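So the structure is just underneath, and the comments pick up after that.
From a predicted model like this one, the values you see are computed outputs, not experimental measurements.
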Amino acid sequence: MLDGYVRVSQRRGREGDSFQSPTLQRGKIEQWAALHGHQIAKVWEEIDESGRRADRPMLVRALERVEAGETDGIVVARLDRFSRSLLDALADIRRIKESNGTFVSVDDAFDLSSETGSLVLNVMLALAQFEVERITAGFSEARANAVARGLHPSARVPIGYLREPGTPLTVDPVAGPIVSELFQRRAAGDALVALTRFAEERELGAPRRWTSRAIKEVVRNRVYLGESRHGEFVNPTAHEALTDPLTFDRAQHHGRSTPAVSRGEPSPLASLIRCAGCRYGMATDLRGRGTGRAQRRYSCHRKYPSGECSAPAYLAGAVAVAVEAHVVEAFFASVGEVAAQAEQSGGVALAELETEAERAHAAVENLVADSATYSAVGPERFAAMVQRWQDQAHEAELAALREREQVGAWTPERVTTLREEWDNFEVGEQRQLLATVIDAVFVFRGPRATAATAHERIHICWRGEAPADMPSRGRRPSGPPTRFVRP
């Protein structure tokens with residue numbers, strides 16, 4: 001009893017007679033099964049799924065059925081329908097083999113039970129991986145060239161510009177000045193509703209209907225600074241700008257020099273700041289909201305189902321602002337130290353691991369091309385030798401990937417950029433960055449503090465330092481609240 005697997009990368013709107021691939025694949029699978037005396041239990045179909053994804057739901061289910069002993073293997077029409085990634089395909093096929101299952105590719109005329117099946121499989125998967133990488137590299141080069149030439153990568157021409165095929169954007173003599181004025185009005189503090197009326201009255205992009213969301217999309221689009229951007233490729237002087245950097249920046253902050261406090265996310269320390277008296281998260285809000293003099297406030301909830309806090313903490317006003325500033329500075333000091341250590345030692349280890357991976361891949365390529373060794377040792381031992389080197393290459397690549405992620409998490413350049421752009425981040429984005437290295441910030445109850453002594457009232461628990469049993473949603477202590485003791 002075998003399962004079939006069918007995959008199509010892109011439907012692209014095709015239906016009926018113009019979309020025959022799934023039917024053809026299914027027919028080849030069923031014809032092979034009938035010819036070799038096998039029964040197909042189920043054919044799993046995945047449409048609009050890339051062969052580079054390792055977590056395709058239908059493929060995962062088919063593999064689980066083999067491992068559970070529900071089926072004896074998987075049949076595909078062609079190998080590239082199974083996977084376009086060498087490492088992912090080998091990992092999945094290894095799972096099938098370890099479960100005593102078989103794998104069959106009909107068009108490629110082989111299965112794992114044949115004497116040379118493993119060898120042929122490794123070679124063909126390597127070719128499929130090479131083709132994907134070749135196509136990807138070509139597309140990346142084309143994107144880089146297009147951006148360098150100043151071309152706008154989107155099919156949609158931004159309002160305020162005109163475009164001839166194969167040329168950079170040019171300013172629309174009618175709509176361009178209106179877009180420039182829209183930026184100036186937003187930078188001066190005009191509300192979104194007022195700007196929608198302004199765009200409608202000037203018939204900007206008519207017959208388009210303007211909404212607050214559409215206005216936001218315009219003022220946040222860096223194309224109006226003269227940029228052409230596609231992924232990691234950026235050309236800052238691709239075409240004539242419709243606004244200047246200062247006006248653009250003020251438009252993001254609604255006319256203010258710094259971002260407004262978001263009411264939905266009032267603090268970058270929300271969910272991080274806790275009362276040391278009970279270890280519960282502190283409430284964060286703005287005191288005096290609507291008076292024009294709103295101040296940050298952190299307060300302990302005091303009473304809980306399990307008991308009452310014995311030393312509820314409280315911060316407000318300048319002291320709360322000073323605590324936030326201290327935590328941010330401590331954050332940059334911490335990640336700066338990590339970046340320096342990574343630059344000093346991480347690069348060496350990463351280079352060694354990448355060299356090892358390249359060496360293993362080169363050994364595989366040389367071995368596959370060595371017909372003399374194949375003749376000398378025979379198909380079975382030769383396939384085992386190739387498999388062994390493939391395993392080593394796989395392990396080396398995984399080790400290099402883990403090291404690359406660890407080293408690349410913080411670099412001196414990224415730390416510098418974050419510090420420069422910190423005030424331009426949304427409050428929620430600031431909190432996410434802090435949470436990458438901070439588990440909790442505990443606040444202690446004590447004598448009245450000032451902005452200069454506010455840092456003495458807190459203790460920062462870096463990653464891995466916070467108590468494992470801190471109360472949280474879905475995990476409430478059964479006994480009375482427990483204090484956090486400063487280490």
Side-chain angles (χ1 to χ4, degrees), residues 10 12-13 134-260 413-414 417 420-421 423-426 429:
Q10 293 180 332
R12 294 180 178 175
R134 185 184 66 80
I135 293 172
T136 302
F139 179 62
S140 179
E141 183 178 355
R143 290 190 300 134
N145 289 338
V147 171
R149 290 162 53 201
L151 303 183
H152 183 64
S154 174
R156 180 179 176 183
V157 180
I159 289 178
Y161 286 106
L162 301 173
R163 179 176 61 187
E164 293 293 332
T167 63
L169 299 175
T170 58
V171 175
D172 185 327
V174 177
I178 301 176
V179 172
S180 297
E181 185 177 351
L182 186 148
F183 271 97
Q184 294 168 4
R185 286 171 175 262
R186 183 59 169 168
D190 280 15
L192 292 173
V193 174
L195 293 178
T196 59
R197 289 198 297 267
F198 165 77
E200 294 285 359
E201 291 170 357
R202 296 295 187 93
E203 297 184 348
L204 180 62
R208 176 172 182 173
R209 181 179 178 275
W210 286 94
T211 63
S212 296
R213 181 175 180 178
I215 295 294
K216 281 185 179 180
E217 290 177 353
V218 170
V219 298
R220 290 176 179 175
N221 195 340
R222 298 185 65 86
V223 71
Y224 296 107
L225 288 171
E227 286 188 7
S228 173
R229 177 186 297 266
H230 198 294
E232 69 272 28
F233 305 113
V234 181
N235 183 345
T237 57
H239 50 264
E240 184 179 347
L242 291 181
T243 188
D244 59 88
L246 179 59
T247 302
F248 183 89
D249 183 66
R250 292 181 64 84
Q252 311 311 303
H253 305 146
H254 315 173
R256 294 181 289 273
S257 58
T258 57
E413 294 78 10
R414 185 185 179 200
T417 302
E420 293 174 348
E421 298 292 331
D423 289 338
N424 293 331
F425 287 123
E426 297 288 342
E429 295 173 330

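Residue A238 comes nearest to S228 through the heavy atom pair CB-CB, 3.4 Å, listed as atom of the first residue, atom of the second, then distance. Across I159 and L204, no two heavy atoms sit closer than the pair CG2-CD1, 3.6 Å. Nearest heavy atom pair, residue R209 against residue T211, reads NH1-CG2, 3.4 Å. Minimum interatomic distance between Q252 and V219 (heavy atoms only, all atoms of both residues): NE2-O, 2.6 Å. Of all heavy-atom pairs spanning E200 and W210, the tightest one is OE2-N, 2.7 Å. Considering every non-hydrogen atom in both G226 and A241, the closest pair reads N-CB, 3.8 Å.
Of the candidates L242, L151, V157, V157 is the only one forming a side-chain contact (heavy atoms from CB on, under 4.5 Å) with L169.
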Could you give me the CA-CA distance, side-chain angles and deciding distance for T247 and R186, then say whether side-chain contact (heavy atoms from CB on, under 4.5 Å) is met?
CA-CA 9 Å; T247 302; R186 183 59 169 168; over 6 Å; no
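The closest side-chain heavy-atom distance from L162 to P173 is below 4.5 Å. Side-chain contact check for T196 versus S212: some heavy-atom pair is nearer than 4.5 Å.
Under a 3.5 Å cut-off, the side chain of E227 and the backbone N or O of V234 do not form any donor-acceptor pair. Remark: the backbone N or O of F233 is not paired with any side-chain donor or acceptor of R229 at under 3.5 angstrom.
For CD of E217, the number of neighbouring non-hydrogen atoms (other residues, nucleotides, ligands) closer than 6.0 Å is greater than 12.
The aromatic rings of H239 and Y161 sit perpendicular to each other, their planes meeting at more than 60°, with 30° as the lower class boundary.
Rounding to the nearest 0.5 Å places CD of Q184 at 8.0 Å from CG of D244. The distance from the CG atom of N221 to the CZ atom of F248 is 7.5 Å, given to the nearest 0.5 Å. Atom CD1 of I215 is separated from atom CZ of R197 by 11.5 Å, given to the nearest 0.5 angstrom. For the atom pair CG of D249 and CZ of F183, the computed distance is 11.5 Å after rounding to the nearest 0.5 Å. If you take CG on N235 and CZ on R149, they are separated by 11.5 Å, rounding to the nearest 0.5 Å. One distance of note links NZ of K216 with CG of L195; it measures 12.0 Å at 0.5 Å rounding.
Legend: residues meeting salt bridge (charged side-chain N to carboxylate O under 4.0 Å, His left out) with R163, ordered by chain and number and at least two apart, are absent.
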